[in-house]
Amino acid sequence: MADADPKVARHRTPRPAHVPEHLVRDIDMYDPDGIEDGYHEAWRALQRPDMPELVWTPFTGGHWVATRSQLIQEIYTDPTRFSSEVIFLPKEAGEKYLMVPTRMDPPEHTPYRKTLDKGLNLGQMRRVEDHVRGIAVELIEGIAARGACEFSSDYARIFPVKVFMALCDLPMSDAAMLSRFAEDMTRPPGATPEEMGAALEAAQAGFDNYVEPIVDARRGGDGLDLITVMVNNDINGEPISRERAIGLISLLLLGGLDTVVNFLSFMMLHLAKNPGIVDDLRSDPLVLLRSVEEMFRRFPVIAEARMVSGDQEYRGVTLKHGDMILIPTALHGLDESENADAMTLDIRRRKIAHMTFGGGPHRCAGMHLARMEAIVTLQEWLKRIPEFHVAAGASPVFRSGIIAAVDDIRLEWTPQPVTGA
């Protein structure tokens, strides 16, 4: 079941005059129908033949939903018509979200994105790979001898967080607090748009209050950690402002503390149910390396939105300035028009199409780190735990939101001797 209390009636926003009644569908992005059977399964069900490519839902403040890959790609890559001024839903919550540069459109966005890329580019990630691998090895060797674990809490919620806190030179003791802030921003509690907006605003303030003294301490420094590198970068030839530096580092922490955590959990749950895929991964190191892109295609976790920048006709539908459109990344990579037999994880698939890392000017800056963490996890886990399965009685709990999540991934295996790194 999803987090929403079934006893609480979901808040419904009245249909605006420009929205035709035949395009209205009851779709709750935080509690989609069928979520108890799987997050991706619930969203994929929206691509049935009788579902229009663009529909409007009265839930989550009232917004449009793009249900086909072509629309999702168009909206992601056209900031002139579909702005990032507000990207979280409900809109009342998204307007409280102040992190940069995700709320910016080009050209204002560009220099801030370059700052993120400076710290997270592929070359930088290759330099920290040994450190990342060491963290994975330590965690997995601590788990392997037990013969069982709850993957989400024992590994997925520790490994990428520990990596990120180390890259930022922050104490791991702060991670639990920051992860709570991230949870309330990406899956905000509340029964109404106003309540969800208040929760997101409080979480945003938590990030900002945490980051402020760190930004102040590291401005002017010469450290090599991600925060120091970014807050001492110039924006259009001028030092980045304190306010924008706080927003940038808050975004850095939000992105690093929730997204990969949940992707790894979805990935490992699927592998535990499909031992034949695990055998194939173990059979050839090159197959494992190449499989990761298919993993990201099959298990996207982001569902953000764009704001309509002006009144327009789009694909035969009247859109008004300020309308919100949800663009779930799952509905791109799982669209049969992009990938045949899309719900099947085919680790030898060629011509993989997905938007798991977004698209256009806001393509995920952390994608190189995410890929590395996925590859390292698979390599080191299968080296020490070559065969594993879902424990009897386990009942994974799926949650939808701006970032999806899954918990209660209880795995079992026969312990193997530790082989070393």
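These numbers come from a predicted model, not from an experiment.
- Looking at every heavy atom in both residues, Glu92 comes nearest to Pro193 through OE1-CB, 3.4 Å.
- The six-membered or imidazole ring of Tyr39 lies away from that of Phe398, with a centre-to-centre distance of 6.0 Å or more.
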### Task
Would you check, one step at a time, whether the test side-chain hydrogen bond (donor to acceptor under 3.5 Å, both in side chains) holds for Thr329 with Tyr76?
CA-CA 10 Å; Thr329 56; Tyr76 254 120; 5.7 Å; no

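- Look at Arg282 and Asp279 and you find a salt bridge, because one of the NZ, NE, NH1 or NH2 atoms lies within 4.0 Å of a carboxylate O, short of that distance.
- Taking a cutoff of 4.0 Å between a charged side-chain nitrogen and a carboxylate oxygen, Asp280 and Arg348 qualify as a salt bridge.
- No side-chain donor-acceptor contact under 3.5 Å links Ser69 to the backbone of His332.
- Checked by atom type and distance alone, the side chain of Thr186 never pairs as donor or acceptor with a backbone atom of Ile403 at under 3.5 Å.
- In this structure, the side chain of Arg25 does not engage the main chain of Val55 through any donor-acceptor pair within 3.5 Å.
- With no hydrogens or angles considered, a side-chain donor-acceptor pair links Tyr155 and Thr377 at under 3.5 Å.
- Using a 4.0 Å cut-off between charged nitrogen and carboxylate oxygen, Arg384 and Glu380 count as a salt-bridge pair.
- A salt bridge links Arg349 and Glu294; the closest N-O separation between the charged side-chain nitrogens and carboxylate oxygens is under 4.0 Å.
- Surrounding CD of Glu85 are at most 12 heavy atoms belonging to other residues, nucleotides or ligands under 6.0 Å away.
- Atom NZ of Lys91 has more than 12 heavy atoms from other residues, nucleotides or ligands within 6.0 Å.
- Within the 3.5 Å criterion, the main-chain N or O of Ala342 finds no donor-acceptor partner in the side chain of Asn339.
- Minimum interatomic distance between Gly360 and Thr77 (heavy atoms only, all atoms of both residues): N-CG2, 3.7 Å.
- Residues Ile325 and Ala66 approach most closely at CG2-N, 4.1 Å, considering heavy atoms.
- Thr318 and Glu313 are linked by a side-chain donor-acceptor pair at a separation below 3.5 angstrom, with hydrogens and angles left out of the test.
- To the nearest 0.5 Å, the span separating OG on Ser84 from CD on Glu108 amounts to 11.5 Å.
- With respect to Glu183 and Arg399, a salt bridge is recorded, a charged nitrogen being found less than 4.0 Å from a carboxylate O.
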### Message
Go through it in stages, so that I can follow the logic: the residues are Ser250 and Gln204, the test is side-chain hydrogen bond (donor to acceptor under 3.5 Å, both in side chains), and I'd like the CA-CA distance, side-chain angles, deciding distance and then a yes or no.
### Response
CA-CA 8 Å; Ser250 293; Gln204 168 94 53; 5.0 Å; no

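- We find that Glu129 and Arg126 are not joined by a salt bridge, their nearest charged nitrogen and carboxylate oxygen being 4.0 Å or further apart.
- Note: Phe151 and Trp381 have perpendicular aromatic rings, judged against thresholds of 30 and 60 degrees for the angle between ring planes.
- Using a 4.0 Å cut-off between charged nitrogen and carboxylate oxygen, Glu74 and Arg315 count as a salt-bridge pair.
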### Message
With ring-ring contact (aromatic ring centres under 6.0 Å, His included) as the criterion, how do Trp64 and Tyr314 come out once you've worked through the C-alpha distance, each side chain's angles and the decisive distance to 0.1 Å?
### Response
CA-CA 12 Å; Trp64 297 96; Tyr314 179 62; 9.8 Å; no

### Message
side-chain hydrogen bond (donor to acceptor under 3.5 Å, both in side chains), that's the test. Do Ser265 and Asn262 meet it? Break it down for me.
### Response
CA-CA 5 Å; Ser265 294; Asn262 293 299; 5.2 Å; no

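- Comment: Asp50 engages Arg48 in a salt bridge, judged by a side-chain N to carboxylate O separation of less than 4.0 angstrom.
- Under the 4.0 Å criterion applied to side-chain N and carboxylate O atoms, Arg157 and Asp407 are assigned as salt-bridge partners.
- Under the 3.5 Å distance criterion, the side-chain polar atoms of Asp323 are matched with a main-chain donor or acceptor of Lys320.
- Here Glu293 pairs with Arg371 in a salt bridge; the nearest charged N to carboxylate O distance falls below 4.0 Å.
- Under a cut-off of 6.0 angstrom, the local environment of CZ in Arg290 is sparse, with at most 12 non-hydrogen atoms contributed by other residues, nucleotides or ligands.
- Leu264 CG to Met295 CE: the interatomic distance, rounded to the nearest 0.5 Å, is 10.5 Å.
- In this structure, Leu178 and Met165 have side chains that are in contact, with non-hydrogen atoms separated by less than 4.5 Å.
- Neither side chain, Thr344 nor Asp346, offers a donor N or O lying under 3.5 Å from an acceptor on the other.
- Taking both residues in full, the closest heavy atoms of Cys168 and Leu252 are given as SG-CD2, 3.9 Å, listed atom of the first, atom of the second, then distance.
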### Message
As a quick check of understanding, evaluate salt bridge (Lys or Arg N to Asp or Glu O under 4.0 Å) for Arg306 and Asp78, giving each step before the final call.
### Response
CA-CA 10 Å; Arg306 292 293 184 267; Asp78 188 353; over 6 Å; no

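- Closest heavy-atom contact between Ala203 and Met185: CB-CG, 3.4 Å.
- For Glu150 (side chain) and Ile409 (main-chain N/O), a donor-acceptor pair under 3.5 Å exists by modelled atom type.
- The pair Glu41-Arg44 does not meet the salt-bridge criterion, since no charged nitrogen lies less than 4.0 angstrom from a carboxylate oxygen.
- Between the CE atom in Met51 and the CG atom in Leu23 there is a gap of 10.5 Å [rounded to 0.5 Å].
- Shown here is Asp341, whose CG atom has more than 12 heavy atoms of other residues, nucleotides or ligands within 6.0 Å.
- Summarising the geometry, atom CD1 belonging to Ile140 is positioned 6.5 Å from atom CD1 belonging to Ile385; distances are rounded to the nearest 0.5 Å.
- Open room surrounds CD on Glu138; 12 or fewer heavy atoms of other groups in view lie less than 6.0 Å from it.
- A donor-acceptor contact shorter than 3.5 Å is absent between the side chain of Asp184 and the backbone of Phe181.
- Taking the six-membered ring for Trp, Phe59 and His11 have ring centres at least 6.0 Å apart.
- In this pair, Phe296 and Phe357 present their aromatic rings tilted. The plane angle is within the 30 to 60° band.
- The backbone N or O of Gly333 sits nowhere less than 3.5 Å from a side-chain atom of Thr356 that would complete a donor-acceptor pair.
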### Message
Between Thr57 and Val24, is the side chain to side chain contact (heavy atoms under 4.5 Å, CB included) condition met? List the steps.
### Response
CA-CA 6 Å; Thr57 175; Val24 177; over 6 Å; no

### Task
Apply side chain to side chain contact (heavy atoms under 4.5 Å, CB included) to Leu200 and Met196, showing your working.
CA-CA 6 Å; Leu200 188 145; Met196 297 172 81; over 6 Å; no

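- Side-chain atoms of Phe159 and Glu373, non-hydrogen and from C-beta on, do get closer than 4.5 Å to each other.
- Taking CD1 of Ile235 as the start and CD1 of Ile240 as the end, the distance is 4.5 Å to the nearest 0.5 Å.
- One distance of note links CZ of Arg410 with OG of Ser152; it measures 12.5 Å at 0.5 Å rounding.
- Of all heavy-atom pairs between Trp56 and Gly62, the closest is CZ2-CA, 3.6 Å.
- Counting only distance, with no hydrogens or angles, the side chain of Asp234 and the backbone of Asn236 share no donor-acceptor pair below 3.5 Å.
- Ion pairing between a basic and an acidic side chain is recognised when a charged N comes within 4.0 Å of a carboxylate O; Asp26 and Arg12 show such pairing.
- Looking only at distances, a side-chain donor or acceptor of Trp413 sits under 3.5 Å from a matching main-chain atom of Ala144.
- When the shell of 6.0 Å around CD of Glu21 is examined, it contains 12 or fewer heavy atoms from other residues, nucleotides or ligands.
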